[in-house]
Amino acid sequence: MYALLRRFAGVTNLGCPIRSYASFTPRDVLRSTNEESGTLITRFAKHIAVERYRDPDHVLPKTTVRYADFFPITDDRYFQRTVQKTDAAQLPALIIQASSYRSNAAVPMYVTALNALDNHAAKQLDKMDTSIVLETLYSFLFLIPSWLTRTDFYHAAMKRLVKEDFRGNKERFLQVCFYLGLQKKQAKSSEDFQQLLVEHLPAHLPALSELDLAVISNAAYKTSTVVAGEAKSAYEASLVNAILNLELTTGSDALLVSFVKALRLQQVKDERVCLHLQNICLDPVKITLIEPRGLAHIFAFFAEQLWDEKACLTIIVERLMTLLKPGDLRAKDLATFLWASAQLNCALAPEEIRQLELAALRKLDHGEYDYFPDNLVDTCLSLCTLGHYSKDLINAAEELKAEQKRQRAQPKVDSRLDVLRSAVAIEQPSMAKVKTERAFKEFDSAPAYLLKGRPDLTKYAQELSGDADVEGVDVVCPIVGINVPSLRVQTMGVEESVYFVELLTAGQTLKFSKKPTSLMRLKKRLLESLGRKVVILNSTKMASNAKELHQLLEPSANAGEESKVSQGVVN
């Protein structure tokens, strides 16, 4: 599909079918570079090259094509006719020879060569055996490393390879995983990749080397492919063992981060990994071996694991703010950094928050959020959770999301935007487009689906209802957009009052501080900004009656201090 769109986007009127409906145009060559963009992909490509020669079934015919018969191109039509006469088995050699021509070629002629080779390779696919298909893919990778996925041959070859049986050939299975991983996030390719892993990974997993596992896990992460089925447990155990056993040296940090990202995708919870990564971060020598972007992934991993060890987080935040300048971050990376900081309750200084906000504003001016309003919504919500409101960013998020809503629905992003709107309406009513009373619904009952996994809430509500001083207990969702049920407890007697009780689950509690996660802290802050009394409970701090609820209520002075964060507004 991508190649087809490119054709219509770059149609030229040269009277030649190959040029007029081609994967590449002269504009592409003039405006872009096709050099490899990352050292990890380079490393994987070299590993794939070695795997080709380890494959006992990888047998290729003798090369018969000559460079002089094709290059330099003096007549493009003659070149195309000559390419079309080339045997399918000789195409890999011819594609490699085109790399020598590139440095001295005129741009139009080089584009002619690319399109002619791609066109003929796609047409000859049915005549190629698997060895030739894989060799042709590698030849194109060698010639155009960053553009391989834009060729018609690549997409046609992938459709064929995912249907083949590689259970008896680890080398070929690994190569196919690598090439599939170049497609990034595409629903169909992810489904094909997942099926391939389900069918073939169990047979090959025991024999995978550290680098083999890195190739597969990186491909799975890039395509958002979650490994399921029979291989799931063994695959996740292999990732954990790979992290724990990896010898961290210069260059090996990329493998470590690949495994960490794969664990994030699989949503694996493992304290051994957290402790191991924490020890790396606390080691002044080892932490310098990890590239800043890799350290940001480790930071996000800690946030997902609710691992809030203060000394470790302080080092990570200080190092990222020093080495990884916010202006150099992608919009997605900036959103992730802010989310992790908010989730783990990191104490960012006002000047640091301002620095991050300015980075987001620059990205907004450069149009980096135009097609990714979700990143902007996440950024605004995280800044809000950290106690900072940016009027310009919030207005831009509203406008971009309104434009995108006409194109496609994103329920999760819409839900986060609702939370942001409620926070603005409650803490910054002068900025809000929604009135405070529309953001706070004190008696809105929690829908049944939110209570299916919360028997603790219903049981605790019944226990409190049995107290003579409790007039009534309702299970509610008082803040619009925050779909986390609370108990609204109304008491009588000397301490007559209304309390909102938040009963934390393990997934809503940070590991070391036992503080609530970011959404729960925001919810508490918003309720207190409205003058409501909030009691946070967990398994270590429970109350069985109205008197104990009042005793557990945090001092109003603390609540007042928390509510003051709403004053940090930037226009």
Side-chain angles (χ1 to χ4, degrees), residues 40 197 201-202 204-218 220-221 225-317 319-320 336 339-341 343-346 504-515 517 538-540:
L40 186 61
L197 292 174
L201 188 56
H204 296 301
L205 199 53
L208 294 181
S209 68
E210 181 179 79
L211 197 51
D212 292 340
L213 184 62
V215 169
I216 294 172
S217 61
N218 183 72
Y221 179 80
T225 303
V226 177
V227 178
E230 179 185 348
K232 183 178 187 297
S233 297
Y235 171 67
E236 292 172 353
S238 296
L239 291 173
V240 170
N241 291 332
I243 291 174
L244 299 179
N245 298 326
L246 184 139
E247 183 178 351
L248 189 60
T249 57
T250 303
S252 68
D253 64 302
L255 300 186
L256 175 69
V257 174
S258 289
F259 298 138
V260 169
K261 290 191 291 187
L263 282 183
R264 289 183 59 198
L265 180 65
Q266 293 291 131
Q267 299 184 347
V268 174
K269 306 290 184 183
D270 196 301
E271 290 194 2
R272 294 173 300 167
V273 175
C274 292
L275 188 59
H276 181 73
L277 294 175
Q278 175 181 298
N279 291 336
I280 290 174
C281 294
L282 293 175
D283 189 313
V285 176
K286 288 183 178 179
I287 195 172
T288 60
L289 298 176
I290 302 177
E291 291 291 327
R293 288 188 185 277
L295 191 60
H297 279 290
I298 291 175
F299 186 33
F301 178 76
F302 282 143
E304 290 166 348
Q305 305 282 318
L306 307 180
W307 190 272
D308 64 328
E309 205 285 325
K310 187 175 181 180
C312 178
L313 296 184
T314 300
I315 290 174
I316 291 176
V317 171
R319 186 167 178 80
L320 288 177
T336 300
W339 168 78
S341 299
Q343 178 77 324
L344 295 173
N345 202 21
C346 295
L504 299 184
T505 65
Q508 296 168 340
T509 310
L510 299 178
K511 179 172 178 58
F512 295 98
S513 66
K514 302 304 178 184
K515 295 286 186 180
T517 51
N538 54 40
S539 58
T540 62

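- Taking all atoms of both residues into account, the shortest heavy-atom contact from Leu289 to Leu248 is CD1-O, 3.7 Å.
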Exercise for the section: Would you please test Gln343 and Leu306 for side-chain contact (heavy atoms from CB on, under 4.5 Å) and show each step? Expected result: CA-CA 8 Å; Gln343 178 77 324; Leu306 307 180; 3.6 Å; yes
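- Between the CD1 atom in Ile315 and the SG atom in Cys281 there is a gap of 7.5 Å [rounded to 0.5 Å].
- Taking 4.5 Å as the limit, some side-chain heavy atom of Leu277 sits within range of a side-chain heavy atom of Leu256.
- Between the SG atom in Cys346 and the CZ atom in Phe299 there is a gap of 4.0 Å [rounded to 0.5 Å].
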Problem - Worked check of side-chain contact (heavy atoms from CB on, under 4.5 Å) between Leu263 and Asp270 - result: CA-CA 9 Å; Leu263 282 183; Asp270 196 301; 5.9 Å; no
Practice task
Please test Thr517 against Thr509 for side-chain contact (heavy atoms from CB on, under 4.5 Å), starting from the C-alpha separation and ending with a verdict.
Solution key: CA-CA 6 Å; Thr517 51; Thr509 310; over 6 Å; no
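- Of the possible donor and acceptor atoms, one in the side chain of Ser252 sits under 3.5 Å from a partner among the backbone N and O of Glu247.
- Distance alone, capped at 3.5 Å, places no donor-acceptor pair between the Glu304 side chain and the Lys269 backbone.
- The closest donor-acceptor contact from the side chain of Asp253 to the backbone of Gly294 lies at 3.5 Å or more, if one exists at all.
- Shortest non-hydrogen contact noted between Leu282 and Pro284 is O-CD, 3.4 Å.
- In this structure a side-chain-to-backbone donor-acceptor pair under 3.5 Å is missing from Asp283 to Asn279.
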Exercise for the section: Apply side-chain contact (heavy atoms from CB on, under 4.5 Å) to Leu40 and Ser258, showing your working. Expected result: CA-CA 10 Å; Leu40 186 61; Ser258 289; 3.5 Å; yes
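- The backbone N or O of Leu344 sits nowhere less than 3.5 Å from a side-chain atom of Lys515 that would complete a donor-acceptor pair.
- His204 is linked by a ring-ring contact (aromatic ring centres under 6.0 Å, His included) to Phe173, counting only residues two or more places apart in sequence or in another chain.
- Once rounded to the nearest 0.5 Å, the distance linking CZ of Arg319 with OG1 of Thr314 reads 14.5 Å.
- Judged as a salt bridge (charged side-chain N to carboxylate O under 4.0 Å, His left out), and not counting sequence neighbours, the contacts of Lys511 are Glu271.
- Each ring-ring contact (aromatic ring centres under 6.0 Å, His included) pair with one or both residues in residues 235-278, not counting sequence neighbours, would appear here, but there are none.
- Atom-to-atom distance recorded for Ile298:CD1 and Gln278:CD is 12.0 Å, nearest 0.5 angstrom.
- The shortest heavy-atom contact between Leu205 and Ala231 is CD2-O, 4.5 Å.
- With hydrogens and angles disregarded, a donor-acceptor distance shorter than 3.5 Å links the side chain of Asn245 to the backbone of Asn241.
- Using the six-membered ring where Trp is involved, Phe512 and Trp307 have ring planes that are perpendicular, over 60° apart on the 30 and 60° scheme.
- With contacts defined as side-chain heavy-atom distances shorter than 4.5 Å, the pair Leu239/Val273 does not qualify.
- Rounding to the nearest 0.5 Å gives a distance of 6.0 Å between CG of Leu213 and OG of Ser238.
- Contact annotation: the side chain of Ile216 approaches that of Leu197 to within less than 4.5 Å [non-hydrogen atoms, C-beta and beyond].
- Within 6.0 Å of atom NZ in Lys286, 12 or fewer heavy atoms from other residues, nucleotides or ligands are found, so the atom counts as exposed in its surroundings.
- Residue Leu255 comes nearest to Ala214 through the heavy atom pair CD2-CB, 3.6 Å, listed as atom of the first residue, atom of the second, then distance.
- The minimum heavy-atom distance linking Ala300 with Trp339 is given by the pair O-CZ3, 4.0 Å.
- Between Tyr221 and His297, the closest heavy-atom pair is OH-CE1, 3.5 Å.
- Here the OG1-CD1 distance, from Thr288 to Ile280, works out to 11.5 Å after rounding to the nearest 0.5 Å.
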